[in-house]
Q: 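Structure below; questions to follow.
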Amino acid sequence: MSTPTETTGAGATRRAREEHSEKVWTVLELLRWTADYFASKGIETARLDAECLLAHVLSVDRLRLYLDFDKPVNEAERAAYRELVRRRGSERVPIAQITGVREFWSLPIRITPAVLSPRPESETLVAAALELLPDPEAPARVLEIGTGSGALALALASERPRLRITATDISPAALAVALGNAEGLGVAERIRFLPGDLFAPVQSERFDLIVSNPPYVAESQRGSLPPELAHEPAAALFGGADGLALLEPLVRAAREHLEAGGGLAVECAPPQADRVAGWCREAGFHSVTKRRDLAGRDRVVAARGGG
Ligand SMILES: C[S@@+](CC[C@H](N)C(=O)[O-])C[C@H]1O[C@@H](n2cnc3c(N)ncnc32)[C@H](O)[C@@H]1O
């Protein structure tokens, strides 16, 4: 960690360095310093991010830090931490890309630069999908389009042992991450991973449920997005000029790939929800509903009536 005194002249800089190298940094001091630094960079989750990175370096649970506030952090640990703080603060790398893991639906999901970190709002999609499969004991076939890290498929598989899931993605690199996650969670034998565009990998197959969180950010917003998104795969984020380039064909073609009465649940941006719901009705679905995320914004459109 640098200190402000380093900028006040050569002698002062040397003294500050000497003091600095002898200074004992405790967990709490490091967290406070880092949270201030992250906040100065405009990072909204400054304290949380500091805790995640320090917990990662010390190989402890984040809550453990609270019990160890007064514990000194040694130089080797601080050096490792410094590098992560630099990546977060200066390069704006998302926390999950730094630690390599993100919790989703209480599952640890491994993250690499090939996949989008699953977002908390996508848990609304999982909940909507589960409601479309009301009998937890019934076997059912599920298709997830654009599985990325596999987070949605894994959440569904963990909730419903009798589901048979097909998870697709245009990115083979993403599918490799998803497969690794499925193996790590012991559900790989229940998920079939297929590469390809939208419904191409499943051709004329039919399912009881189709679920998807496709890329839906408008290209026109590219310049105004948080810097963190530059570290996530563009193919996972952008859905053409207006963000609808995948959503629309996906919704319009979904019914042909559903068994009679099957369900559809898709995630979208809040301003897109009414249009997505409209396409569902036009395609012949009924019981079309919008679901809100935890922030109270329309985030998911669910519908019934495949076949
Ligand atoms: C928003 S991410 C969703 C990832 C994951 N399902 C989640 O919710 O965290 C969208 C995913 O769709 C994939 N994708 C993009 N275009 C696709 C296409 N034409 N067909 C299938 N998958 C596509 C991307 O590679 C990316 O993994």
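Start at 1 and go down the list; that is how both ligands and their atoms are numbered. Everything numeric in this text was worked out from a predicted model, so none of it was measured. Positions are given from 1 along the sequence. The figures that follow rest on heavy atoms only: side chains count, while hydrogens, waters and symmetry mates do not.
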Q: Would you check the N or O atoms of Asp197, main chain and side chain alike, for any that come under 3.5 Å of an N or O of ligand 1?
A: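 Between Asp197 and ligand 1 (N or O atoms, distance only) the closest approach is under 3.5 Å.
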
Q: Can you tell me if Gly196 has a non-hydrogen atom under 4.0 Å from ligand 1?
A: yes

Q: Which ligand 1 atoms, with their elements, are less than 4.0 angstrom from a heavy-atom of Pro118?
A: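 In order of numbering, the contacting atoms are 9 (O).
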
Q: Heavy-atom distances under 4.0 Å are what count here, so tell me which part of Val115 touches ligand 1: side chain, backbone, both or neither.
A: neither

Q: Under 3.5 Å, N or O to N or O, is Arg119 touching ligand 1 that way?
A: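 Min N/O separation from ligand 1 is not below 3.5 Å for Arg119.
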
Q: Please check if the number of heavy atoms outside Leu63 that lie under 6.0 Å from its CG is greater than 12.
A: yes

Q: So, is Ile145 polar-close to ligand 1, with some N/O to N/O distance under 3.5 Å?
A: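 For ligand 1, there is no N or O atom that lies under 3.5 Å from one belonging to Ile145.
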
Q: Where is the tightest heavy-atom contact between Arg110 and Thr112, given as atom of each residue plus distance?
A: NH1-CG2, 3.7 Å

Q: Quick one: do the Glu267 and Tyr216 side chains pair a donor with an acceptor below 3.5 Å?
A: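 Glu267 vs Tyr216: donor-acceptor pair found between side chains.
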
Q: Quick one: does Glu144 get an N or O within less than 3.5 Å of an N or O on ligand 1?
A: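 Indeed, backbone or side chain, Glu144 has an N or O that close.
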
Q: So which protein heavy atom does atom 5 (C) of ligand 1 come closest to, and at what separation?
A: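 For atom 5 (C) of ligand 1, the nearest protein heavy atom is Thr147 O, 3.3 Å.
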
Q: Could you list which atoms of ligand 1 come closer than 4.0 Å to a heavy atom of Leu116?
A: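 In order of number, 1 (C), 2 (S).
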
Q: Note the single closest protein heavy atom to atom 4 (C) of ligand 1, along with its residue, its atom name and the distance in Å.
A: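 Nearest neighbour among protein heavy atoms for atom 4 (C) of ligand 1, to 0.1 Å: Gly146 O, 3.5 Å.
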
Q: Answer with yes or no whether the side chains of Ser224 and Gln221 bring together a donor and an acceptor at under 3.5 Å.
A: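 Checked: Gln221/Ser224 side chains show no N/O donor-acceptor pair below 3.5 Å.
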
Q: Using the six-membered ring of Phe238, assess whether NZ or CZ of Arg222 lies under 6.0 Å from its centre and within 45 degrees of the ring axis.
A: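 Yes, Arg222 sits over the ring of Phe238.
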
Q: Find the distance between NZ (Lys71) and CG (Leu65) and round it off to the nearest 0.5 Å.
A: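 The NZ atom of Lys71 sits 9.5 Å away from the CG atom of Leu65.
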
Q: Look only at the side chain of Glu91 and the backbone of Arg88, and say whether a donor-acceptor pair between them is shorter than 3.5 Å.
A: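 Pair absent, no side-chain N/O of Glu91 close to backbone of Arg88.
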
Q: Whether the Thr166 and Arg192 side chains hold a donor-acceptor pair (N or O, under 3.5 Å, no angle test) is what I'd like checked.
A: yes

Q: Considering only the protein, which heavy-atom contact is closest to atom 2 (S) of ligand 1, and what is its distance?
A: Ala236 O, 3.5 Å

Q: Considering non-hydrogen atoms of the protein only, which is the closest contact for atom 7 (C) of ligand 1, and what is the distance?
A: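 Atom 7 (C) of ligand 1 sits closest to the protein heavy atom Asn213 ND2, 3.6 Å.
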
Q: Taking atom CZ of Phe193 and atom CG of Asp169, what is their separation to the nearest 0.5 Å?
A: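 Nearest 0.5 Å value for the CZ-CG distance: 10.5 Å.
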
Q: Would you mind finding which of Ile170, Leu152, Ile109 brings a heavy atom closest to atom 14 (N) of ligand 1?
A: Ile170

Q: Give a yes/no verdict on whether any heavy atom in Glu267 is under 4.0 Å from an atom of ligand 1.
A: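 It does not, in that no heavy atom of Glu267 comes within the 4.0 Å cut-off of ligand 1.
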
Q: So, regarding Ser149 and ligand 1 (criterion: nitrogen or oxygen to nitrogen or oxygen, under 3.5 Å), is there a contact or not?
A: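 Min N/O separation from ligand 1 is not below 3.5 Å for Ser149.
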
Q: Based purely on interatomic distance, does Asp169 place a nitrogen or oxygen under 3.5 Å from a nitrogen or oxygen of ligand 1?
A: yes

Q: Which value, rounded to the nearest 0.5 Å, describes the distance between Arg164 atom CZ and Leu143 atom CG?
A: 15.5 Å

Q: Considering only heavy atoms of Ala235, which atoms of ligand 1 have at least one such atom less than 4.0 Å away?
A: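 Per the distance check, 15 (C), 24 (C).
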
Q: Does any N or O atom in Leu198 lie less than 3.5 angstrom from one in ligand 1, N or O only?
A: yes

Q: Would you call Val142 and Asp208 a side-chain contact if the rule is heavy atoms closer than 4.5 Å?
A: no

Q: What protein heavy atom sits nearest atom 16 (N) of ligand 1, and how far away is it?
A: Leu246 CD2, 3.5 Å

Q: Same hydrophobic cluster for Leu116 and Val266, using side-chain heavy-atom links shorter than 4.5 Å among ILVMFWY?
A: no

